[in-house]
Every structure is written in C-alpha cells, then in structure tokens.
Amino acid sequence: MNRHQTSPYTEDLRLAHMIADSVDAQTMARFSAMDFEVETKPDLSPVTEADRQAEDLIRGQLSRARGRDAVHGEEFGSSGSGPRRWVIDPIDGTKNFVRGVPVWATLIALVDHGEPVMGVVSAPALGRRWWAARDGGAYTGRSLASARPLEVSKVSALSDASFSYSSLTGWRAAGRSQNFLELTETVWRTRAFGDFWSYCLLAEGAVDVAAEPELELHDMAALVPIVTEAGGQFTSLDDEPGCSGGNALATNGRLHEAALAALAPDDPTPWAGPSEAAPSASVEEPAQHEAGRTGLGRS
C-alpha cells in the first residue's frame with residue numbers, strides 16, 4: 001500500500017473511503033429491506049428515496065470535511081465553485097438496485113481543474129470496492145488496509161478480446177449501431193456486465209474493452225482514474241481524453257486505436273443521402289424497383 005503515499009490526493013482518497021463506509025451501511029440497509037418508493041425521472045430511469053438519501057449523506061460529510069470544494073451529484077446537481085469538484089453518483093445501477101440485483105455501486109470522484117484525479121467505486125452487495133488516486137496506483141479490496149493492485153490485460157488483438165457493454169440501446173441514436181454489432185462479432189467474447197462493473201473488470205484485467213454510447217459526468221468521473229492508474233486508457237468514442245465526451249471507450253491501452261476505429265460512426269446507407277433517393281417505380285424496370293423496395297425495408 002505504499003504507492004498510495006506517493007499521490008497528492010491520498011487524504012482525499014482516505015476521506016472518500018470513510019464516506020463510502022457510511023453510505024454503504026445506509027444503502028445496504030435499504031437494499032436488504034426493499035421497502036423504498038420507486039419513482040420515475042423525466043428520462044424514464046427509476047430513482048428511489050435511497051438515491052437521494054445516499055447523496056444527502058455524502059454531501060453532508062463533504063460539507064464538513066471539504067467545505068471549500070464544489071460538489072456535483074446526480075440527484076441534486078451542482079453547488080459551490082472552485083477548481084476542486086467532487087462528483088457523486090449515489091447509486092450507479094439503480095435499475096439493478098430496485099430489482100434486487102446486487103450489481104450497483106456508489107461512485108465518488110474528485111475532479112481537479114477539470115481532470116478526474118481520484119475515484120472510489122463501492123459495491124457493498126458484491127462485497128467489492130475499487131479505487132485509485134493519481135500517481136498512487138489502482139486497487140481493489142474491502143478497505144485500504146486489505147487490497148491488491150489492479151493491472152489491465154495484455155491482450156493485443158480485438159479477435160482475442162473480451163468486450164463488455166451495458167445494453168444495445170443508444171448505439172443506433174449515436175449512429176454507430178452497425179459498427180457496434182460488427183465489433184461484437186469480431187471479438188473473442190462479449191458480455192453485458194454493465195454500468196461501473198464493465199470498467200472495474202477492465203481495470204482488473206478480466207475485460208479488455210468497455211464502451212457505452214450515452215453517459216453523464218457522474219457515471220464516468222470515478223472510473224477514469226481507476227482505469228488509467230491500472231494502465232488502461234479512457235476516452236470518448238471520438239478519442240477525447242477523460243469523461244467530457246458524453247460517452248466512453250475504455251481499453252487496456254493496446255487495443256485503443258483498434259477499438260476507436262471499430263466503433264467509428266457507421267457509413268451512411270447509399271439511399272440516405274438527398275442526391276441518392278431510392279429508385280422510383282417504372283414499368284420498364286420492375287426488377288430494379290423491387291430491389292430498391294427490399295433495400296429500404298432492411299433499414
């Protein structure tokens with residue numbers, strides 16, 4: 001554990017662990033009881049009383065310990081100002097939480113001058129925690145005192161890679177659905193571990209590529225230092241570093257350029273352009289008309 005001492009964010013990391021201990025006790029009590037009220041956000045994702053209570057608890061502890069820092073959370077937005085900003089996702093994987101699936105976690109990150117420099121992901125129902133601070137390495141375990149270092153895999157070909165994602169939705173809206181599906185057929189193995197777990201497994205070396213087409217800052221900020229300190233690479237699908245692109249591609253580094261190319265925007269269909277409309281009906285060319293109609297049906 002000596003590597004933690006080399007990070008300028010060691011004390012922030014220790015604080016994040018203390019906060020995670022408190023919020024784990026609260027969220028696990030609600031998860032075990034399953035007595036919460038489920039509502040629906042405007043984006044149709046479920047939000048529970050447990051989400052808000054967890055974020056309230058985190059904000060309260062940060063207010064006492066880091067009162068000068070700004071805070072951004074999924075449930076209550078942004079408060080404060082300054083170069084240091086704590087980013088909170090009180091329950092990442094809320095849909096799992098409300099259905100009794102144990103794959104959910106609290107994400108706590110510190111962003112300094114726009115760059116994620118510290119992250120803690122705590123998944124109490126799995127009995128796991130992952131964390132990292134800049135220049136301090138990435139680790140997993142139950143606590144700071146009981147941990148093992150993380151290191152990404154050394155897989156160097158997409159055909160040998162394990163690829164994880166959250167769902168099939170969103171890729172069509174992002175204009176990358178054809179290339180996404182082609183990548184799933186190219187790699188050795190696909191699994192939808194989903195949410196935080198895809199990226200934490202990547203940091204462990206169990207997954208080689210993870211990607212999602214639609215994400216928010218609170219979904220990603222804690223994951224960036226964990227992946228990068230484990231030796232991996234974390235960018236947007238357009239190769240923007242960090243978590244500012246609205247989507248994510250994380251790899252072991254060796255596969256990053258190949259994965260970026262594989263998940264590039266789809267080529268437009270030949271009939272989609274304004275100057276290349278589908279063939280019109282004609283008595284003289286029934287076979288060509290039928291081919292055009294069939295092609296449109298496949299889109």
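What you see below is based on every heavy atom in this structure, not just the backbone, and it leaves out hydrogens, waters and symmetry mates.
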> To the nearest 0.5 Å, what is the distance between CG (Asp89) and NE2 (His72)?
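One gets 9.0 Å once the value is rounded to the nearest 0.5 Å.
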> Where do Ser78 and Arg85 come nearest, in terms of heavy atoms and distance?
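That closest heavy-atom pairing would be OG-NH1, 4.3 Å.
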> Do Val120 and Thr106 come within less than 4.5 Å of each other through their side chains, counting heavy atoms only?
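The answer is no, as the side chains (C-beta and beyond) never meet within the 4.5 Å cut-off.
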> In the single-linkage hydrophobic clustering (I, L, V, M, F, W, Y; side-chain heavy atoms under 4.5 Å), do Leu223 and Ile88 co-cluster?
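Unlinked, Leu223 and Ile88 end up in two clusters.
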> Can you find a pair of side-chain heavy atoms, one from His113 and one from Pro83, that are under 4.5 Å apart?
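Of all side-chain heavy-atom pairs linking Pro83 with His113, at least one is under 4.5 Å.
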> Determine, using the 4.5 Å side-chain heavy-atom cutoff (strictly less than), whether Val23 and Phe196 are members of one ILVMFWY cluster.
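Not linked; separate clusters.
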> Starting from the C-alpha separation in whole Å, work towards a yes-or-no answer on side-chain contact (heavy atoms from CB on, under 4.5 Å) for Asp92 and Val121.
CA-CA 9 Å; Asp92 183 52; Val121 173; over 6 Å; no
> Are any of the side-chain heavy atoms of Pro124 and Thr27 separated by less than 4.5 Å?
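Touching, per the 4.5 Å side-chain cut-off.
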> Please report the shortest heavy-atom distance between Leu126 and Pro102, naming the atom on each side.
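Heavy atoms only, the tightest pair is CG-O, 3.6 Å.
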> For the pair Leu144 and Trp131, evaluate side-chain contact (heavy atoms from CB on, under 4.5 Å) and give the outcome as yes or no after the intermediate values.
CA-CA 9 Å; Leu144 280 166; Trp131 64 89; 3.7 Å; yes
> Is there any side-chain hydrogen bond (donor to acceptor under 3.5 Å, both in side chains) pair reaching into residues 191-215, and which pairs are they, with sequence neighbours excluded?
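Sorted result for residues 191-215: Arg128-Glu204, Trp130-Glu204, Ser153-Asp208, Ser164-Ser198, Ser166-Glu212, Tyr199-Glu212.
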> Restricting to non-hydrogen atoms, name the atom on Leu237 and the atom on Pro213 that form the minimum distance, rounded to 0.1 Å.
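Heavy-atom minimum between the residues: CD1-CA, 4.1 Å.
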> What distance do Asp56 atom CG and Gln26 atom CD have between them, rounded to the nearest 0.5 Å?
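Interatomic distance, Asp56 CG to Gln26 CD, rounded to 0.5 Å: 8.5 Å.
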> Do you know which two heavy atoms are closest between Leu217 and Cys243, and how far apart they sit?
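Nearest pair, atom of Leu217 first, then Cys243: CD1-SG, 3.5 Å.
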> Kindly say whether Val103 contributes a backbone atom to a donor-acceptor pair with the side chain of Asn96 at under 3.5 angstrom?
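Yes; judged by distance alone, with no hydrogens or angles, the pair exists.
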> May I ask whether Val117 and Val224 are part of the same hydrophobic cluster, defined by side-chain heavy atoms of I, L, V, M, F, W, Y residues being less than 4.5 angstrom apart, directly or through others?
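No, no single cluster joins them.
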> Filter on side-chain hydrogen bond (donor to acceptor under 3.5 Å, both in side chains), then keep only pairs touching residues 239-249, sequence neighbours left out; what's left?
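Output for this query lists Ser236-Glu240.
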> Taking the side chain as C-beta and beyond, is there a heavy-atom pair between Asp135 and Tyr9 under 4.5 Å?
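Answer no - side chains too far apart.
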> Linking I/L/V/M/F/W/Y whenever any side-chain heavy atoms sit under 4.5 Å apart, do Tyr139 and Met18 land together?
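No; Met18 is not reachable from Tyr139 via cluster members.
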> Just do the side-chain contact (heavy atoms from CB on, under 4.5 Å) check on Arg129 and Asp21 with the steps written out, would you?
CA-CA 10 Å; Arg129 190 175 289 185; Asp21 289 341; 3.0 Å; yes
> Could you tell me if the side chain of Met118 sits less than 4.5 Å from the side chain of Leu15, heavy atoms only?
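Side chain of Leu15 against side chain of Met118, heavy atoms only: no contact under 4.5 Å found.
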> Side chains of Thr48 and Val98, heavy atoms from C-beta outward: is any pair under 4.5 Å?
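Yes - at least one pair of side-chain heavy atoms lies under 4.5 Å apart.
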> Would you please classify the geometry between the Trp171 ring and the Phe180 ring as parallel, tilted or perpendicular, with 30° and 60° separating the classes?
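Taking Trp171 first and then Phe180, their aromatic rings lie parallel (interplane angle under 30°).
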> Just how far is it from atom CG of Asn179 to atom CG of Asp266, taken to the nearest 0.5 Å?
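It comes to 4.5 Å.
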> When rounded to the nearest 0.5 angstrom, what distance separates NE2 in His256 from CG in Leu249?
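It comes to 4.5 Å.
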> Provide the full list of side-chain hydrogen bond (donor to acceptor under 3.5 Å, both in side chains) pairs with a residue in residues 58-71, sequence neighbours left out, each pair given once.
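Output for this query lists Asp12-Arg66, Ser22-Gln61, Glu55-Arg59, Arg59-Ser79, Asp69-Arg84, Asp69-Trp86.
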> Considering all heavy atoms of both residues, which atom of Val207 and which atom of Ser162 are nearest to each other, and what is their separation?
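Residues Val207 and Ser162, closest heavy atoms: CG1-O, 3.5 Å.
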> Does any part of the side chain of Pro90, heavy atoms only, come nearer than 4.5 Å to the side chain of Glu74, both counted from C-beta?
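Glu74 reaches Pro90 side chain to side chain.
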> Carefully, step by step, assess Val155 and Trp188 under the rule side-chain contact (heavy atoms from CB on, under 4.5 Å).
CA-CA 11 Å; Val155 172; Trp188 166 65; over 6 Å; no
> Output the distance between atom CG (Leu110) and atom CG (Leu13), rounded to the nearest 0.5 Å.
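It is 10.0 Å, given to the nearest 0.5 Å.
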> May I ask you to check whether over 12 heavy atoms, not counting those of Met28, lie within 6.0 Å of atom CE?
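Yes.
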> Nearest 0.5 angstrom please: Arg142 CZ to Ser122 OG, how far?
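Answer rounded to 0.5 Å: 10.5 Å.
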> Grab the two heavy atoms, one from Val227 and one from Leu202, that are nearest each other, plus how far apart they are.
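Answer, listing the atom of Val227 first, then Leu202: CG1-CD2, 3.9 Å.
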> Are Ile108 and Leu62 connected, step by step, through hydrophobic side chains (Ile, Leu, Val, Met, Phe, Trp, Tyr) whose heavy atoms are closer than 4.5 Å?
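Shared cluster, yes.
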> If we ignore hydrogens and angles and just use 3.5 Å, is the side chain of Ser7 paired with the main-chain N or O of Arg134 as donor and acceptor?
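Yes: the side chain of Ser7 pairs with the backbone of Arg134.
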> Would you say the side chain of Val71 lies within less than 4.5 Å of the side chain of Ile58, judging by non-hydrogen atoms?
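The answer is no, as the side chains (C-beta and beyond) never meet within the 4.5 Å cut-off.
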> Closer than 3.5 angstrom, by distance alone: can the side chain of Asn252 be matched with the main-chain N or O of Gly205 as a donor-acceptor pair?
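Judged by distance alone, no pair lies under 3.5 Å.
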